[in-house]
Every structure is written in C-alpha cells, then in structure tokens.
Amino acid sequence: MTRAATHGNAGCPMPPRLRFAPSPSGYLHIGGARTALFNWLWAKKQGGRFVLRIEDTDQDRSSLESVRAILESLRWLGLDWDEGPEVGGDCGPYFQSERRGRYRQLADELVEAGKAYRCYATKEELDAARAALKAQDPKAQFVYPGWWRDKGPADWLEGRPFVYRFRTPAEGSARFEDEVFGVVETPNSAQQDFVLMRSDGFPLYNFSCVADDHDMRISLVGRGRDHLGNTAQQVLLYEALGWEPPRFAHLPMMLSPKGEKLSKRHAAVGVMDYAARGMTPMGVLNYLARFGWSHGDQEIFSRGELIEAFDWKSCGRSDGKFDEKKFSDVAFEHLKEPRLTSDEDYAAWVRPFLAENGLTDEQVPEGTLRAALPTIRERARTLVEAAVALDYYFREPPVVEEKARSKFLTPAHAPLLAQLRQVYEGAPRWTAEALEARLAEQGLEVKLAAQPLRVALTGRTATPPIFDVMAVLGRERTLARLGRGAELAAG
RNA sequence: GGCCCCAUCGUCUAGCGGUUAGGACAUCGGCCUCUCACGCCGGUAACGCGGGUUCGAUUCCCGCUGGGGUCACCA
C-alpha cells in the first residue's frame with residue numbers, strides 16, 4: 001500500500017482521487033495537458049478516480065467556448081474523466097461558478113470562527129494606498145495595511161460591498177511535504193491577508209480550490225510548479241477549516257525553447273494544433289510524459305506502459321525547455337511502430353487527412369489502405385505526410401511530377417516502359433519478390449528499370465521499394481499505369 | 001525587493017560516494033540501397049563557481065553565481 005493510497009483519518013486504504021482543474025480561458029495547451037496526463041496516469045495506475053473540474057470563477061476570462069475546446073482536447077488525448085462535465089458524479093456540480101453558495105457558507109464560517117474577516121476597503125482606496133507607497137519608494141512592495149483586520153460585526157458597513165480576507169496568523173509557518181519537491185516550508189510573515197471572496201461573490205482561486213478539493217475528496221493534487229507558492233496559503237486554509245490537506249505533487253515547468261514561459265507566441269502550443277499537424281494522441285502524450293519524468297533509459301511508451309511505469313517519485317525537479325525536434329521524433333516513433341499504432345488505428349487516424357486532400361472514403365478501400373500502410377510507415381513523420389505518401393495508391397490517375405516526367409518519361413524511355421508492361425502482363429505471381437525476380441528472368445536490370453517504373457506507377461521519383469508498391473497496386477492498375485506511362489513517355 | 005524552488009552534453013534525461021559519467025533528440029562522418037526513408041556503425045559534446053565533510057565527491061553540507069516561480073477583488 002502506498003502512502004498516496006491512504007487517505008482519511010481511519011487510515012483505511014481508499015482508491016486515490018485526482019483531478020485536473022483548468023480555467024476555461026483558452027484552449028488546452030501542452031503544459032496543461034501534461035498536468036492532466038500525470039494525474040490521469042496515477043489515477044489509472046492506482047485504480048483511483050480522475051475528476052475534471054472547471055475553474056470558471058473569473059467571469060471576464062472564462063468562456064463556454066473554452067470549456068468545449070478543453071473537453072475536446074482531453075477526449076482527443078484519451079484522458080477520460082470519471083467525474084466532471086458531461087459525465088456527472090457524486091461531488092458535483094463540477095463548475096465552480098455553480099458552487100458559490102458553498103463558498104459563501106464557508107467564508108461566513110471562517111468569519112464566525114475569527115479566521116477571516118470582512119474588508120470594506122474599496123478597490124479605489126487600495127489603489128490609492130498602493131500609488132502613495134510607490135510614490136515614496138518605487139521599489140517597495142505593497143501589502144494590505146490591515147485596515148479591517150481587527151474590526152468586528154459592529155463596524156460592518158451594511159449594504160456596502162466587501163471582500164472576505166483571511167486573517168493570516170502572524171506567527172508560525174505553513175509546511176507540507178510535496179511528492180516531488182519534498183518538504184516545503186513558508187513563514188507566515190511572508191503572507192499577507194489574502195482575499196478569499198471578491199465583492200461580487202465569486203471566490204478567488206486559493207479559496208475555491210481548497211473548498212472543492214476537500215468537498216470532492218481529492219487525495220492528491222498534481223499541478224504545475226507555478227502553484228507551489230499558493231500551496232502555503234492553501235495549507236493555512238485547510239488548517240483554519242479544520243480539514244486534513246490532500247497530498248501535493250508539483251511538476252517542474254515546461255518553458256519555451258528560449259527558457260521563457262510557454263505561450264501562444266511560441267509556435268504551436270495548443271493540443272489540437274498537434275492533432276492538426278498529424279500527430280497521434282500517444283505521440284503527444286509520450287513526449288509530455290518524458291518531460292520532467294523518466295523511467296531509466298526508456299524513451300518510448302505505449303499507453304499501458306506509461307500507466308505501469310509512472311510514479312511521482314520519478315519526476316524531476318528542474319524546469320525544462322520544450323524541444324520541437326524531439327517531440328516530432330517521438331510522435332514519429334509512434335507512427336512507425338505497428339506495436340504502438342496498429343494498422344487499424346493508423347488507417348482510422350489517416351483517413352481524415354486523406355479526405356482533406358480530396359480523396360473520399362469510396363476512393364480509399366480499407367483493404368488497399370491497410371496493405372499500403374507498411375510501405376509508408378517509416379517514411380511519414382506525421383499523418384499529414386502519410387496522406388501525401390499514400391496519395392498515388394488511390395488517386396486515379398496519379399499526379400505526375402513534372403521533374404520526374406522530364407527525367408524518366410522521355411521518348412527514350414518509351415520502349416522500356418512498353419517492354420515492362422509486356423513483362424508484367426505475363427507475370428504468373430503478383431508478390432513483391434516474384435515481381436522483382438521476374439525482371440532478372442526477362443533479362444532486365446533493376447537498377448535501370450526502377451526509376452522509369454517508379455515514375456510511371458507513382459508519378460514520383462521517391463517512393464517505397466517499387467515492387468512493394470506494385471504488390472499493393474495489383475496487376476490491373478499496375479499494367480494500366482505502365483501503359484499510360486509509356487504513352488506519356490512517347491509524348 | 002520579500003518568500004519559495006531549481007542547477008549533468010545544444011535539448012530531454014540516467015546517475016542515488018569509487019562509472020572510460022550512460023541513453024534519447026539534434027549535429028557530423030560512414031555503411032546499407034531500385035529512389036526516398038528506415039536501420040546499422042562511429043565521432044563531437046555535460047557534472048556552473050568556491051569552500052567544507054570524506055581515504056575518495058557529479059553525488060552529502062554551506063556560500064556564491066545563474067535561472068525560474070510567486071507576491072491582485074487572475075488562475
């Protein structure tokens with residue numbers, strides 16, 4: 001039994017509950033996807049539950065459109081959630097905007113217990129104080145002066161808007177043991193009386209996060225290191241509310257190649273951008289998994305292997321830089337290996353890209369597609385490239401590149417092409433080996449015949465081994481294309 | 001600036017006191033070859049600096065430097 005599997009005061013082993021809690025203020029980017037992945041992996045490995053919660057407490061930045069985009073990305077990645085939007089669960093609602101009553105109730109309880117207080121200072125007053133301080137000392141850091149810290153109900157300005165502030169203990173410190181970073185301790189003196197709820201009744205992150213993680217019985221919170229500092233405040237809140245905190249696991253951050261915080265400015269960072277580029281979900285997941293986590297020297301993992309091998313203890317602690325080349329290579333590895341992407345899955349993944357190029361499903365028989373895949377797997381780094389590589393197998397007639405034609409389909413090649421057509425018309429067996437052998441039997445050299453043959457059959461100078469191509473095309477289409485090639489060559 | 005975190009090839013990383021410091025990507029040679037790829041073989045390339053501890057530090061401790069995060073009525 002692992003520590004993480006133990007939760008609750010009875011010490012009885014319970015399946016862990018993990019969560020991913022994005023704020024719907026844009027699409028899902030790869031950093032967020034990695035956070036979701038690690039939590040998902042641990043839930044799968046431990047037989048726990050993976051909860052999806054939408055942190056839409058910032059009205060200005062949240063949108064339903066973003067919620068849809070995030071759900072779409074998670075589904076594409078195959079990171080299914082056991083509880084959350086569209087699937088429900090016992091701990092709902094899973095949108096924070098629908099849980100405001102609970103936050104208000106908890107905030108009032110904290111006030112009653114003397115752990116929080118109402119602060120009637122207006123934004124204007126605060127801004128003025130901030131400005132005054134800056135005027136005196138531009139480098140000074142403004143902290144809330146505590147105007148309402150020691151006041152009580154008798155001082156409340158009924159009818160006026162107010163925020164709830166946490167009464168941070170003057171002494172002591174917040175301490176927790178992170179699964180990745182170990183013991184982290186922050187003195188309370190470094191903390192000011194932070195706001196719990198805004199005057200419009202919406203909670204702030206640190207408050208709603210604690211309330212929901214508790215109410216949703218989350219046993220381990222895995223998130224980015226940018227939240228490491230927030231954890232101290234949250235630990236203080238758990239103490240004030242008399243709750244046992246969950247375990248925490250912070251992940252080192254994924255930075256841009258230049259070492260800056262990753263953002264839209266750095267090429268593609270959205271999960272669906274990579275889907276559009278023709279990567280598979282596992283290609284993306286594999287790269288993300290190996291970022292800040294390792295398992296000996298193993299680089300490539302299937303979904304099952306990832307679940308089997310994942311462990312918070314094997315996560316690193318230092319931030320890393322995103323590397324497009326490595327990402328591309330990992331994604332390629334997944335396309336190349338039938339062990340990682342079966343022919344069946346590959347066919348299903350590549351069809352939309354073929355369709356994008358104007359090849360309808362009727363033009364792409366499943367049997368031919370499956371037969372063609374082994375010939376292009378090691379030649380296509382993405383599904384976009386795969387669709388290009390597969391094109392001539394299905395397009396009738398195939399597109400003939402001008403440079404290829406002018407080099408290998410000239411009048412001088414016409415007799416050879418005509419001869420090749422005859423040679424293969426009489427071929428008794430139609431397998432790659434037999435087709436290659438037939439050439440020598442008829443006194444023709446592979447070296448001399450290959451390129452004209454290739455261009456006549458595919459319209460290109462670079463393709464899989466030409467006899468493999470012929471085997472996939474079949475006798476009828478091969479002979480037809482040879483005939484057409486001979487005609488083109490003759491002019 | 002306060003608080004917190006981090007530090008091995010260009011990049012992702014292995015290493016958990018004694019290793020010729022390993023792997024992967026990238027890069028540079030070569031081999032294979034009907035083209036293009038794949039694959040294979042080989043090369044270049046790293047422990048930030050200074051103190052300790054120790055018979056011995058990449059590894060443990062301290063300082064420095066460097067990088068990052070966070071200090072909102074954002075998350």
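Throughout, a chain's letter reflects where its sequence line sits, starting with A, and its residues are numbered from 1.
- Remark: S294(A) engages R290(A) in a side chain to side chain contact (heavy atoms under 4.5 Å, CB included) (not counting sequence neighbours).
- Residue K325(A) has its side chain nearest to C25(B) when only C25(B), C74(B), C6(B) are considered.
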Check nucleotides 36-39 of chain B for protein N or O atoms closer than 3.5 Å to its own N or O atoms and list the pairs.
| residue | atom | partner | partner atom | Å |
| --- | --- | --- | --- | --- |
| C36(B) | O2 | R379(A) | NH1 | 2.8 |
| C36(B) | N3 | R379(A) | NH1 | 2.6 |
| A37(B) | O2' | E378(A) | O | 2.4 |
| A37(B) | N3 | E378(A) | OE2 | 3.1 |
| C38(B) | O3' | K336(A) | NZ | 3.1 |
| G39(B) | OP1 | K336(A) | NZ | 2.7 |

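- For N230(A) against A75(B), a side-chain N or O and a base N or O form a donor-acceptor pair under 3.5 Å.
- At a cut-off of 3.5 angstrom, the base of C5(B) holds no donor-acceptor pair with the side chain of R317(A).
- At a threshold of 4.0 angstrom between heavy atoms, the contacts of V163(A) include nucleobase atoms, whether or not backbone atoms are also involved.
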Show the distances under 3.5 angstrom between N or O atoms of the protein and N or O atoms of nucleotides 10-16 of chain B.
| residue | atom | partner | partner atom | Å |
| --- | --- | --- | --- | --- |
| C12(B) | OP1 | K321(A) | N | 2.8 |
| C12(B) | O2' | R290(A) | O | 2.9 |
| U13(B) | OP1 | G292(A) | N | 2.5 |
| U13(B) | O3' | S294(A) | OG | 3.2 |
| A14(B) | OP1 | S294(A) | OG | 3.0 |

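- Taking every heavy atom of residues 138-149 of chain A and every atom of RNA chain B, pairs under 4.0 Å involve Q141(A), F142(A), by number.
- As judged by a 4.0 angstrom heavy-atom cut-off over every strand, S199(A) is placed among the base-contacting residues.
- With C3(B), U35(B), C5(B) as the choices, the nucleotide that has an atom nearest any side-chain atom of R225(A) turns out to be C5(B).
- Note on Q192(A): only backbone sugar-phosphate atoms sit closer than 4.0 angstrom, heavy atoms only; bases stay farther off.
- Near RNA chain B, defined here as any heavy-atom distance below 4.0 Å, there are no residues from residues 167-176 of chain A.
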Using atom types as modelled, flag every donor-acceptor pair under 3.5 Å from a side chain in residues 370-380 of chain A to any protein atom, sequence neighbours excluded.
| residue | atom | partner | partner atom | Å |
| --- | --- | --- | --- | --- |
| R370(A) | NE | E366(A) | OE2 | 2.8 |
| R370(A) | NH2 | E366(A) | OE2 | 3.2 |
| T375(A) | OG1 | A372(A) | O | 2.6 |
| T375(A) | OG1 | Y393(A) | OH | 2.8 |
| R377(A) | NE | L335(A) | O | 3.1 |
| R377(A) | NE | K336(A) | O | 3.2 |
| R377(A) | NH1 | D343(A) | OD1 | 2.5 |
| R377(A) | NH2 | L335(A) | O | 3.4 |
| R377(A) | NH2 | T341(A) | O | 2.1 |
| R379(A) | NE | T375(A) | O | 3.0 |
| R379(A) | NH2 | T375(A) | O | 3.3 |

